[in-house]
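Okay, so here's the structure we're looking at.
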Amino acid sequence: MPELPEVEVIARGLGATLVGRVVSDVEPVDSTRLSEAADTLVPKVLGGVVVGVRRRAKVLLVDLSDGAALAFHLKMTGRVVHGPMRPVERHDRTRFILDDGSLLCFADMRRFGYVRAFGPGELAHWDFLHRVGPEPLETDAAMLAGQVLTRAGRIKALLLDQAVVAGVGNIYADESLFRAGIHPQARGNRLGPALAERLFAHLQDVLRQAIAENGSSIRDYVNASGDAGAFQNSFAVYGRQGLPCAACGTTLASTKVAGRTSTFCPRCQQRR
DNA sequence: CGAACCACCTGACGGC
DNA sequence: TGCCGTCAGGTGGTTC
């Protein structure tokens with residue numbers, strides 16, 4: 001489900017209500033394969049005070065006192081919502097009860113996502129954090145361009161590769177390629193520095209705009225308060241195959257790249 | 001290194 | 001109404 005903007009919106013929302021709260025209880029409602037076993041997770045977080053909430057790539061990180069942490073990956077359908085205590089619902093996976101009686105609930109219909117707990121100092125050793133590439137909103141567009149200029153793979157596949165650039169998924173890959181006028185099957189090493197830099201500048205724009213609009217809600221995404229985003233109303237290409245291009249009127253086409261549906265304008269996106 | 005698979009899961013939707 | 005195939009904001013593994 002969520003890509004960088006959605007996870008960023010969740011992190012900011014959680015930061016506003018969660019910092020200072022103490023984890024007073026953990027309810028592992030359904031830990032089959034998606035959370036680590038309750039007997040190892042609970043001791044690492046119980047009694048911890050939330051000192052901050054942040055995002056790295058598509059992972060949501062809740063920092064606790066003494067250097068402990070929780071990490072959530074929402075994959076396609078995960079949610080992390082903080083609100084008043086309520087009864088267990090169908091897709092609840094792991095529930096954290098806080099000292100003010102409120103509920104931090106991790107739910108995931110498809111059960112692809114996970115929550116992991118880290119004891120003091122353990123987060124720094126998590127191999128995920130060492131594998132993932134640069135943050136697109138904290139890195140110069142020309143530097144990001146350097147990540148693809150020597151790669152022979154399809155630019156769409158490179159954008160989706162978390163080691164190339166962190167946090168980009170199917171929606172924002174397609175939207176930024178449209179804005180840059182680049183065909184999703186273009187080879188990274190055929191773009192040239194100027195066009196590649198332009199692509200990443202557009203990527204930065206579209207990510208910032210999506211964050212400002214509270215993310216994109218297609219089916220499942222909600223922010224930390226349970227509210228939908230609005231950026232789905234601004235999609236130029238994602239999910240619009242067969243509809244006219246807003247720029248030129250040409251019927252939008254779609255193809256598969258890296259196993260993912262890629263929608264593009266055959267007229268506006270010829271650069272390859 | 002890159003591409004094409006499959007796998008993990010559940011649910012919604014369209015066709016027959 | 002119901003069964004079946006297809007598709008979905010993601011990643012990780014295998015094989016060629």
Side-chain angles (χ1 to χ4, degrees), chain A residues 1-11 29-35 55-60 71-80 89-93 106-116 126-133 136 147-177 184-190 203 206-207 209-211 213-223 227-242 254-263:
Chain A
M1 148 189 94
E3 305 182 29
L4 184 155
E6 290 74 34
V7 181
E8 181 66 30
V9 168
I10 293 170
V29 178
D30 175 359
S31 50
T32 48
R33 243 195 63 266
L34 69 105
S35 306
R55 174 197 61 74
R56 176 73 170 106
K58 297 172 190 171
V59 169
L60 180 69
F72 298 87
H73 199 309
L74 308 182
K75 295 290 181 80
M76 299 286 269
T77 54
R79 298 177 168 193
V80 177
E89 293 181 358
R90 181 173 170 79
H91 300 301
D92 288 1
R93 302 303 175 196
F106 171 52
D108 186 5
M109 186 258 286
R110 289 174 75 177
R111 299 200 284 189
F112 287 175
Y114 59 78
V115 54
R116 283 187 195 158
W126 190 21
D127 60 343
F128 170 86
L129 297 177
H130 299 283
R131 283 199 316 268
V132 75
Q147 293 278 102
V148 302
L149 287 176
T150 60
R151 301 285 301 269
R154 313 283 182 184
I155 187 61
K156 169 73 181 277
L158 294 173
L159 288 173
L160 295 177
D161 183 342
Q162 298 300 293
V164 169
V165 56
V168 181
N170 211 28
I171 291 177
Y172 301 103
D174 276 8
E175 293 295 316
S176 55
L177 287 168
Q185 290 180 328
R187 305 276 178 183
N189 59 7
R190 300 273 287 271
L203 174 66
V206 77
L207 294 174
Q209 188 183 345
I211 291 169
E213 295 183 29
N214 207 22
S216 302
S217 294
I218 309 301
R219 296 170 185 77
D220 302 284
Y221 166 72
V222 293
N223 66 15
D227 304 320
F231 190 70
Q232 66 277 7
N233 301 316
S234 302
F235 289 165
V237 286
Y238 180 83
R240 299 193 69 247
Q241 57 269 38
S254 69
T255 183
K256 290 271 187 192
V257 183
R260 316 294 302 282
T261 296
S262 303
T263 306

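Just so you know, these numbers come straight off a predicted model, no measurement behind them. Below, read A as the first sequence line, B as the second, and so on, with proteins coming before strands; counting in each chain starts at 1. Computation of the quantities below employed the complete heavy-atom set of this structure, encompassing side-chain atoms and omitting hydrogens, waters and symmetry-equivalent molecules.
Look at Lys256(A) and you'll find a side-chain N or O under 4.0 angstrom from OP1 or OP2 of dA8(C). Between Gln162(A) and dG10(C), a side-chain N or O to OP1/OP2 separation shorter than 4.0 Å is absent. Between dA3(B) and Arg187(A), a contact under 4.0 Å exists linking OP1 or OP2 to a side-chain N or O. In this structure, Lys58(A) reaches the dG10(C) phosphate: one of its side-chain N or O atoms is under 4.0 Å from OP1 or OP2. For dG2(B), one of the phosphate oxygens OP1 or OP2 lies less than 4.0 angstrom from a side-chain nitrogen or oxygen of Arg151(A). A sub-4.0 Å separation between OP1 or OP2 of dA8(C) and a side-chain N or O of Thr261(A) is present. Applying the 4.0 Å criterion to OP1 and OP2 of dT11(C), one finds that His73(A) has a side-chain N or O inside that range. Contact check, Arg260(A) against dA8(C): no side-chain N or O comes under 4.0 Å of OP1 or OP2.
For Asp92(A) and dT10(B), the CG to C1' distance is 15 Å, given to the nearest whole Å. One atom, CE of Met76(A), and another, C1' of dT10(B), lie 11 Å apart when rounded to the nearest Å. When the P atom of dT11(C) is taken as reference, atom CH2 of Trp126(A) falls 11 Å away, rounded to whole Å. The interatomic distance linking Met109(A) (CE) with dA12(B) (C1') rounds to 8 Å, in whole Å. Look at CZ on Arg110(A): it is 6 Å from C1' on dC9(B), rounded to the nearest Å. Atom NZ in Lys75(A) sits about 8 Å away from atom C1' in dC8(B), given to the nearest Å. Across the protein-nucleic acid pair, Leu160(A) atom CG and dG2(B) atom P stand 14 Å apart, rounded to whole Å.
Stacking between Phe112(A) and dC8(B) is shown: the ring centroid lies under 5.5 Å from the centre of the six-membered base ring, and the planes differ by under 30°.
Among the atoms of the strands shown, only primed sugar atoms or phosphate atoms (P, OP1, OP2) are found under 4.0 Å from some heavy atom of Tyr238(A).
The base of dA12(B) has none of its N or O atoms less than 3.5 Å from a complementary donor or acceptor on the side chain of Arg219(A). In the interface, the side chain of Arg111(A) is not paired with the base of dC9(B) through any donor and acceptor atom under 3.5 Å apart.
Salt-bridge formation is detected for the pair Lys156(A)/Asp174(A): a Lys NZ or Arg NE/NH1/NH2 atom is positioned less than 4.0 Å from an Asp or Glu carboxylate oxygen.
Aromatic pair Phe72(A)/Phe106(A): centroids less than 6.0 angstrom apart.
At a cut-off of 3.5 Å, with distance as the only test, a side-chain donor of Asp108(A) or Thr77(A) sits close to an acceptor on the other residue. Between the side chains of Tyr221(A) and Glu3(A), no donor-acceptor pair is found at a separation under 3.5 Å.
The side chain of His91(A) lies closest to dG11(B), out of dC1(B), dT11(C), dG11(B).
DNA chain B is contacted by both Arg90(A) and Gly153(A); Gly153(A) maps to the nucleotide lying nearer its 5′ end (nearest heavy atom per residue).
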